[in-house]
Every structure is written in C-alpha cells, then in structure tokens.
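Have a look at the structure below before the remarks.
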2 protein chains.
Amino acid sequence: MTKNCNFIDKLREAGLRPTKQRVKICEILFNREKTFHFTINDLAKKISEDLNEKISLATVYNTVHAIQKKGYLKEIAINSDKSYFDTNTTAHHHFYDEDTHELIDCDQSNIDSINVKNNITGKKINSVEVLIKVASDNQNHN
Amino acid sequence: MTKNCNFIDKLREAGLRPTKQRVKICEILFNREKTFHFTINDLAKKISEDLNEKISLATVYNTVHAIQKKGYLKEIAINSDKSYFDTNTTAHHHFYDEDTHELIDCDQSNIDSINVKNNITGKKINSVEVLIKVASDNQNHN
DNA sequence: TTATACATTATAATTATTCTAAACTATTGA
DNA sequence: TCAATAGTTTAGAATAATTATAATGTATAA
Ligand SMILES: [Mn+2]
Ligand SMILES: [Mn+2]
Ligand SMILES: [Zn+2]
Ligand SMILES: [Zn+2]
C-alpha cells in the first residue's frame with residue numbers, strides 16, 4: 001500500500017476512474033513510508049506545494065471521500081472543527097497532541113487489547129478505539 | 001450535582017453571574033438523574049420546548065462554553081459535524097450509536113483500566129478515553 | 001471514434017460556530 | 001438606595017468547513 005507503484009490499476013480495481021487528479025492525490029497519500037494523518041486543508045496545501053497544476057478544493061473533497069468510501073482511508077474524529085483522515089485503515093489507537101494538533105498512531109502493543117464486557121443490546125460493535133490526549137509537560141501554572 | 005437545588009449559588013461559586021438564562025440552562029442540564037449528552041442544537045430545542053421565553057443561540061453557546069470552562073461540562077469529539085457535550089465530567093468511555101447518533105456512557109467497570117505503556121516523550125497524558133462505535137445488528141447485506 | 005457516463009471545476013449554498021456592537025442587567029460601594 | 005461599572009444578552013454579520021449545483025471536460029465502452 002505504500003509502494004511507488006502506479007495507482008492507475010489500484011483506482012481501477014476500486015471502481016474509480018483513474019483521473020489525473022485522483023492519481024496525483026493517491027501518490028501524495030500512499031507513496032510514503034509512514035502513516036499520513038491529515039485534514040483536507042493539509043492535503044490541499046501539500047497538493048499546491050508539490051504540484052504545478054492545481055486541483056480544485058471540491059475535487060479534493062470528492063476524491064478523499066471516494067477513496068474513503070472504498071476503505072482506503074479512515075476518518076478520525078478528534079474535534080468538531082475539521083475532519084481528520086488517516087492512511088492507516090487498520091483498527092488502531094491514537095495520541096493527539098493538543099499543543100500541535102497532531103495525530104500520532106499508537107502501536108497496538110502499547111495498549112493491551114480492550115475487552116468490552118457488556119455491549120448495548122441489539123447492537124454490534126463496529127470499532128473500539130482509544131484516544132490519548134497529550135500536551136506539553138511544562139504547562140502554564142497559574 | 002443532579003439535585004433540584006438552586007443554581008444561583010452554584011453559578012456564583014463558579015464566578016458566573018446567575019442570570020436568568022444561565023439559571024434556566026443549568027436547570028435543564030443538571031436537574032436530572034442521568035447524564036445528559038447533547039449538542040448545542042439539542043439544548044436549544046429543549047430550551048424552546050420547556051420555556052415560554054426564548055434564549056438566543058449566541059447565549060446558549062456562550063453559556064455552555066462558560067460552564068464547560070469552569071469544568072461542569074465536558075466536550076466529546078464524536079464527529080466533525082458538531083460538538084457534543086456531556087454532563088458527566090469524570091473520565092469515562094462511550095458507546096456511540098451510529099444509527100441514532102446517540103452517545104451512551106460506558107461504565108468504567110465495563111472496560112478494564114487502560115495502561116499506556118509508552119507515552120510520547122516530553123508530553124503528559126491528559127486523558128485516555130475509549131469510543132465504542134455500535135450499530136444495528138441487522139444491517140443491509142448487499 | 002463517438003456516445004455515454006462519470007469527473008472536475010468555479011461558485012453558490014449550507015451549517016456550525018464565533019464575532020460584533022448595541023442594549024440590558026447584576027453587582028458594588030458611595 | 002442607586003448610580004457607576006463590569007459583565008451579559010442579543011440580533012445579526014462574519015467565518016470556516018463542507019456540500020450542492022450545474023456547466024464543462026474526460027475516460028471508457030462499444
Ligand atoms: Mn470546536
Ligand atoms: Mn462536517
Ligand atoms: Zn492513525
Ligand atoms: Zn458521557
């Protein structure tokens with residue numbers, strides 16, 4: 001998923017037409033070693049930095065959502081200001097740095113597996129995820 | 001915190017002038033047996049139902065944020081559409097019903113205490129909370 | 001190659017939230 | 001008691017993220 005291969009086939013397999021814009025966005029998102037946590041704004045900024053041509057904001061939204069619906073991106077709820085997306089689509093936990101507003105993956109081995117003893121009746125569990133909010137150690141002591 | 005007492009003293013203790021609007025909002029929020037999870041919109045709707053007089057939306061926002069800053073309300077990040085607030089300010093986990101968009105407290109005894117083995121260097125942990133997303137058992141099987 | 005379905009785009013609309021500034025009210029301390 | 005003051009409420013404007021619209025452009029199947 002993070003190899004420098006062509007995304008034309010990948011997109012096609014997902015039933016998404018491999019347009020220039022989609023291929024470029026996939027390159028940015030998936031041609032990397034590490035997980036990428038981003039907001040639409042982060043991505044749009046990265047596009048305009050990396051690219052000579054521009055991609056309209058509507059297309060960035062459309063493409064990210066299309067890729068997400070196919071299961072290649074995960075949306076993470078951190079605050080109500082904006083949506084965060086994650087190229088790591090596996091079930092995993094996060095650190096959220098309240099100083100930098102940065103999301104950091106928390107290795108599964110870092111937290112023992114969570115057992116929910118009693119679930120809501122008639123419902124099935126879709127995900128169980130931990131959010132660890134961290135901040136600088138030297139805070140202002142009023 | 002959930003007794004039918006006067007909120008005039010409570011607000012005053014918190015350094016908030018006990019205005020008519022604030023007292024009314026506190027009654028709605030805290031004069032109840034169970035935890036209340038709500039969005040600003042939920043609360044505004046409840047106010048207009050319960051009350052003959054109206055409270056402006058700006059005041060609802062102002063008041064909820066003022067109460068939250070004093071530590072009597074907690075903000076919960078569930079999705080990026082809107083903010084959720086919680087009258088239960090203790091550290092606790094949640095179920096989120098993706099069908100009804102309802103937040104439900106998860107009893108601490110329902111999940112064994114979570115131990116984060118390795119924290120981010122130079123940061124302190126402010127909270128560790130679990131979000132369990134649930135949905136109806138009988139989903140559409142395409 | 002051509003028709004068609006799908007995608008991109010600029011721009012408008014929507015929604016949650018915050019800001020502004022004027023009118024109002026609770027509190028303080030003469 | 002009662003102004004002076006500081007804080008509060010309010011309608012409405014502004015902002016910011018996101019979604020909708022509709023015209024134009026492009027990928028693909030036949
Ligand atoms: Mn927010
Ligand atoms: Mn949204
Ligand atoms: Zn992640
Ligand atoms: Zn709760």
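So that the names make sense, note that chain A is the first sequence line, chain B the second, and so on, each numbered from 1.
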Rounded distance (Å) that lies between atom [atom2] of [N] and atom [atom1] of [X]:
| X | N | atom1 | atom2 | answer |
| --- | --- | --- | --- | --- |
| B:R22 | C:dT25 | CZ | P | 14 Å |
| B:I47 | D:dT9 | CD1 | P | 11 Å |
| A:L11 | C:dC6 | CG | C1' | 14 Å |
| A:I67 | C:dT8 | CD1 | P | 10 Å |
| A:L57 | C:dA12 | CG | P | 15 Å |
| A:K24 | C:dT9 | NZ | C1' | 19 Å |
| A:I25 | C:dA7 | CD1 | P | 13 Å |
| A:N62 | D:dA20 | CG | C1' | 10 Å |

Return the polar atom pairs (N/O with N/O) between nucleotides 23-30 of chain D and the protein under 3.5 Å, or none.
residue: D:dT28; atom: OP1; partner: A:R12; partner atom: NE; Å: 3.4
residue: D:dT28; atom: OP1; partner: A:R12; partner atom: NH2; Å: 2.6
residue: D:dT28; atom: OP2; partner: A:R12; partner atom: NH2; Å: 3.2

Does the plane of the ring in A:H65 sit parallel, tilted or perpendicular to the ring in A:Y61? Use 30° and 60° as the thresholds. tilted
Please work out which of the three classes, parallel, tilted or perpendicular, describes the rings of B:F30 and B:F7, given edges at 30° and 60°.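 B:F7 vs B:F30 ring planes: tilted.
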For A:T39 and A:D42, test the side chains for any donor-to-acceptor distance below 3.5 angstrom and give the result as yes or no.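 Side chains of A:T39 and A:D42: pair found under 3.5 Å.
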Is it the case that A:H37 and A:N88 place a side-chain donor and acceptor less than 3.5 Å from each other?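 Absent: no donor and acceptor within the cut-off.
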Could you pull out all residues at least two apart from A:K123 that satisfy salt bridge (Lys or Arg N to Asp or Glu O under 4.0 Å)?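 Only B:D97, B:D99 meet the salt bridge (Lys or Arg N to Asp or Glu O under 4.0 Å) criterion with A:K123.
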For A:D50, enumerate each residue passing the salt bridge (Lys or Arg N to Asp or Glu O under 4.0 Å) test, keeping only those at least two apart in sequence or located in another chain.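 For A:D50, the residues satisfying salt bridge (Lys or Arg N to Asp or Glu O under 4.0 Å) (neighbours in sequence not counted) are A:K46.
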On DNA chain D, compare the nucleotides closest to B:G15 and B:K54; which residue's is nearer the 5' end? B:G15
Considering only residues two or more places apart or on different chains, which pairs with a residue in residues 63-73 of chain B satisfy salt bridge (Lys or Arg N to Asp or Glu O under 4.0 Å)? none
Respond yes when some side-chain nitrogen or oxygen of [X] is under 4.0 Å from OP1 or OP2 of [N], and no when none is.
| X | N | value |
| --- | --- | --- |
| B:H65 | C:dT18 | yes |
| A:S56 | C:dT9 | yes |
| B:Q21 | C:dT25 | no |

With a 3.5 Å distance limit and no angle check, can you tell me whether B:K117 reaches the backbone of A:S109 through a side-chain donor-acceptor pair? yes
Which residue lies more 5' along DNA chain C, comparing A:A58 with B:A58 via nearest heavy atoms: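 It is A:A58, whose closest nucleotide lies nearer the 5' terminus.
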Got a list of side-chain donor-acceptor pairs under 3.5 Å for residues 13-22 of chain B, not counting sequence neighbours?
residue: B:T19; atom: OG1; partner: B:R22; partner atom: N; Å: 3.3
residue: B:K20; atom: NZ; partner: B:E53; partner atom: OE1; Å: 2.8
residue: B:R22; atom: NH1; partner: B:R17; partner atom: O; Å: 3.1

Identify each atom pair where a protein N or O and an N or O of nucleotides 14-16 of chain C are less than 3.5 Å apart, giving names and distance.
residue: C:dA16; atom: OP1; partner: B:K82; partner atom: NZ; Å: 3.4

